[in-house]
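A note on names: the letters A, B, ... follow the listed sequences, proteins ahead of strands, and every chain is numbered from 1.
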Protein chains: 2
Amino acid sequence: MNRSGYRPDKPATIKDVARALNISISTVSRALRNMPDVNQDTRQAVLRKVEELDYQPNQIALSLITQKTHTIGVIIPNLDYFFSMAVRGIDDMALETGYTVMICQSNESFTREMVNTQRLMKGHVDGLIVSNASDSINTEQYERLLAKNFPIVFFDRANAQLNATKVILDNISGASQAVTHLIEQGCRRIAYLAGPANLSISQQRMIGYKDTLQKFGLTIDESLIVYSEFDRDFAYRSTLALLERPDRPDAIFAVSDRLIVGALLAIKEKGIKIPEDIALVGFNDEPVVSLLSPPISSVAQSAFDMGRLAAKLLVDQLNSDHVLPPQTIMLKPTLKKRASSIRRFDPPIG
Amino acid sequence: MNRSGYRPDKPATIKDVARALNISISTVSRALRNMPDVNQDTRQAVLRKVEELDYQPNQIALSLITQKTHTIGVIIPNLDYFFSMAVRGIDDMALETGYTVMICQSNESFTREMVNTQRLMKGHVDGLIVSNASDSINTEQYERLLAKNFPIVFFDRANAQLNATKVILDNISGASQAVTHLIEQGCRRIAYLAGPANLSISQQRMIGYKDTLQKFGLTIDESLIVYSEFDRDFAYRSTLALLERPDRPDAIFAVSDRLIVGALLAIKEKGIKIPEDIALVGFNDEPVVSLLSPPISSVAQSAFDMGRLAAKLLVDQLNSDHVLPPQTIMLKPTLKKRASSIRRFDPPIG
DNA sequence: TTGTATGCGTTATCAG
DNA sequence: CTGATAACGCATACAA
């Protein structure tokens, strides 16, 4: 007994059904799959016996033949609010289309992301839905898979160089909306908690930030830009440092709500007024930011929709009999304006 | 071509390796699994060819033989903070022990929980880790699986009648700590947002709540107990109603942080002082509660540890060659005391 | 030390 | 209408 480990009682196979009825396997198989050419009485007998023996087709055997598992692999950096919602969207679409979802978290580690990819490939998922870890740089492994025409859909965090199907946010627009709003509220020195430098979302939001400043004729002060991991405590400390400066900023925009919350804690600790002295805008519109004092403005996107859409694109590829060309779908974010950034009465409260 | 749908380029099989070297399949198989009785030269040649062809064993074929997929099915009601952390713990242990995790969310729906169970069973998971939906009542399906000795571990929300392996919290202790603390702070009319009546965690926490009141000689006022789903808005409205009463409560304890946040919003809206007029204690210690004004006290547990432990118990069963007897592991919660409930200076701030 | 044959559970292709 | 058999990719008992 080399196949070690405990195994539950063996379920009935198609063979058992056939034997019990003294007919051949193929007849049972045909009866079960509603093929024509099968006697009604035989079919009824099979159906009854199947019920009696609680027979269920062995998916593994089917997979061996079709080389399909009806399983989708999902690789995400973490399970924070955004990705939880995205996973819910993916699982939702998977349920509708008859797939099951295998989820692995990279914990923001590129190494673990690669390990998870291999893990899922070994488990023979039919396709992959990926959002990169914050220290992801190398795309070699994905390129190799894509070269073999293995179906992958990237969402949210997707390497810009990679020629693959993606569902992403219009991050430039999101950042632009945030910065425009801050400028309209009278802010002139807008600091930016920029997140991990190599992530596409960071880079795109940075473009939106800088372009908007320039569009309004404001100078870009690189010393007001702080790169970091998605670490609330780091944002807290960075903000304290920004507040120490004689020319301290009059607004802070952050690449994620996690960071803007860190900023909020630092500012409140210093007793500086929000939004009068410093206005705040975050990104993702997590539920928590609307509960804080003051409620924090944030760029909102629907992670659920993004997840559903990513799953949809993947399933479309899986159900297609030819290779679909890569496409990039860009979703539009909307700014939720709240007390943390509203200094004047002109703009309506969102 | 009945096997519809696109499939990526076929990977090399053990046959390809054998053919390329003009040797038999079994020799390749042996060489690969470091069996003795195999010529060093042959082994080297095989290894080289395997590298060259990028051959990887087909797990599906292996699964067909062993009837094991090295996959764990996870069924959870949602992916809020608690369950996200639990899933992280499960995935962590799975990675360590060579398993992959299939996750399905029931969205608090018993029907969907059943559908997901079938979905995972069809996908031939080796075992199941389950936390029930809030409207779960019927345990028939699990009983049937357990009767077949199919390995299942329940965690957090586990039906009390079911004779199965469980990892749960000492909910009575958690509620007792919370209520004791409130009483020590001078509260005498403690309302309870009790959650779904049929959930084991609700029932256990209710026992802790009532027993503690009685222990301190306080009467139980059933009109201060409100059942509900895990719905923040419902808690908000229930609290508004409680506040209308002439004999309004001087404290609210809630079965979950989601509900206590709803209560907080209602109380702040009414301009009632926390903790002077009403003290608050929640359950789960989600990060959000420590960020609110005032920070809310909460009964803390480690969802991550619970997840890891549940996975550990399941893997132990999977790796054992006999059926392990059901066991229930009970974890101890600790109360985090914060401003929402601290009226006196005697107890230290947790 | 290596090769051959059988089986895992199912479908598909033939014959009958 | 039904049955026998090959095949999916691999491990393994048995032969050589």
query = Is there a donor-acceptor contact under 3.5 Å linking the side chains of B/Ser136 and B/Glu113?
reply = yes
Sugar-phosphate, base or nothing in reach of A/Asn39, heavy atoms under 4.0 Å = sugar-phosphate
message = Which residues pass the side chain to side chain contact (heavy atoms under 4.5 Å, CB included) test with A/Asn163, not counting sequence neighbours?
response = A/Pro326
query = Excluding sequence neighbours, so at least two apart, what forms salt bridge (charged side-chain N to carboxylate O under 4.0 Å, His left out) with B/Asp135?
reply = none
Under 3.5 Å, which N/O atoms of the protein pair with N/O atoms of nucleotides 14-16 of chain C?
none

query = For A/Ile60 and C/dT10, what is the distance between atoms CD1 and C1' respectively, to the nearest whole Å?
reply = 12 Å
query = Is B/Gln59 touching bases, backbone alone, or none of the nucleic acid, heavy atoms closer than 4.0 Å?
reply = nothing
inquiry  = Can you tell me if B/Ser29 touches the phosphate of D/dC10, counting only side-chain N or O atoms and a distance under 4.0 Å to OP1 or OP2?
reply    = no
Euclidean distance, atom CD1 of residue A/Ile65 to atom P of D/dC10 [Å, nearest integer] = 15 Å
task = For B/Ala61 and for B/Ser26, locate the closest nucleotide of DNA chain C by heavy-atom distance; then report the residue assigned to the nucleotide nearer the 5' terminus.
result = B/Ser26
Rounded distance in Å - CG (A/Leu64) to P (D/dA11) = 12 Å
ask   = Aromatic rings A/Phe154 and A/Tyr142: how do their planes relate, parallel, tilted or perpendicular, breaks at 30° and 60°?
value = perpendicular
request  = Write down the atom of B/Arg112, the atom of B/Ser109, and the distance for their closest heavy-atom approach.
outcome  = N-OG, 3.0 Å
key: Phosphate-side-chain proximity, A/Thr42 and D/dT2, N/O vs OP1/OP2 below 4.0 Å   = yes
ask   = Of all the nucleotides listed (C/dC8, D/dT2, C/dT10), which has the minimum atom distance to the side chain of A/Pro57?
value = C/dT10
Separation of A/Leu324 CG from A/Asp316 CG (nearest 0.5 Å) = 7.0 Å
ask   = What is the distance from atom CD of B/Gln59 to atom OG1 of B/Thr71, rounded to the nearest 0.5 Å?
value = 9.0 Å
task = Applying side chain to side chain contact (heavy atoms under 4.5 Å, CB included), name anything that partners B/Glu143, two or more places apart in sequence or on another chain.
result = B/Thr139, B/Leu162
note = Taking Watson-Crick and G-U wobble contacts under 3.5 angstrom, with | marking pairs to another strand and [ ] crossing pairs, the secondary structure of DNA chain C is written ||||||||||||||||
message = Run B/Glu140 and B/Arg144 through salt bridge (charged side-chain N to carboxylate O under 4.0 Å, His left out) and show every step you take.
response = CA-CA 6 Å; B/Glu140 201 184 314; B/Arg144 210 165 36 232; 3.6 Å; yes
remark   = Taken to the nearest whole Å, CG/B/Asn34 to P/D/dT12 is 14 Å
remark   = B/Lys122 atom NZ is separated from C/dT10 atom P, nearest whole Å, by 13 Å
key: Rounded distance in Å - CG (B/Leu32) to C1' (D/dA11)   = 12 Å
ask   = Phosphate oxygens OP1/OP2 of C/dT10: is one of them under 4.0 Å from a side-chain N or O of A/Arg33?
value = no
message = Any donor-acceptor pair under 3.5 Å linking the side-chain atoms of B/Asn116 with those of B/Ser106?
response = no
ask   = Hey, what do you get for CG (A/Asn132) to CG (A/Asp156), rounding to the nearest 0.5 Å?
value = 9.5 Å
inquiry  = So A/Pro36, base contact, sugar-phosphate only, or nothing? Heavy-atom distance under 4.0 Å.
reply    = nothing
Separation of C/dC8 C1' from B/His124 NE2 (nearest whole Å) = 12 Å
request  = Quickly work out the A/Met35 CE to C/dT13 C1' distance and round it to whole Å.
outcome  = 12 Å
ask   = Under a 4.0 Å heavy-atom cut-off, which of residues 13-25 of chain A touch DNA chain C?
value = A/Thr13, A/Ile14, A/Lys15, A/Ile25
ask   = Which atom pair, heavy atoms only, marks the closest approach of B/Lys68 to B/Ser63?
value = O-OG, 2.8 Å
Distance-only donor-acceptor check, side chains B/Ser29 and B/Arg33, under 3.5 Å = yes
inquiry  = Classify A/Leu62 by what it touches in the nucleic acid, base, sugar-phosphate, or nothing, heavy-atom distance under 4.0 Å.
reply    = sugar-phosphate
message = I want to verify a distance call: between C/dG9, C/dT10, D/dC1, whose nearest atom is closest to the A/Asp37 side chain?
response = D/dC1
query = B/Asn58 near the nucleic acid: base, sugar-phosphate alone, or nothing, with a heavy-atom cut-off under 4.0 Å?
reply = sugar-phosphate
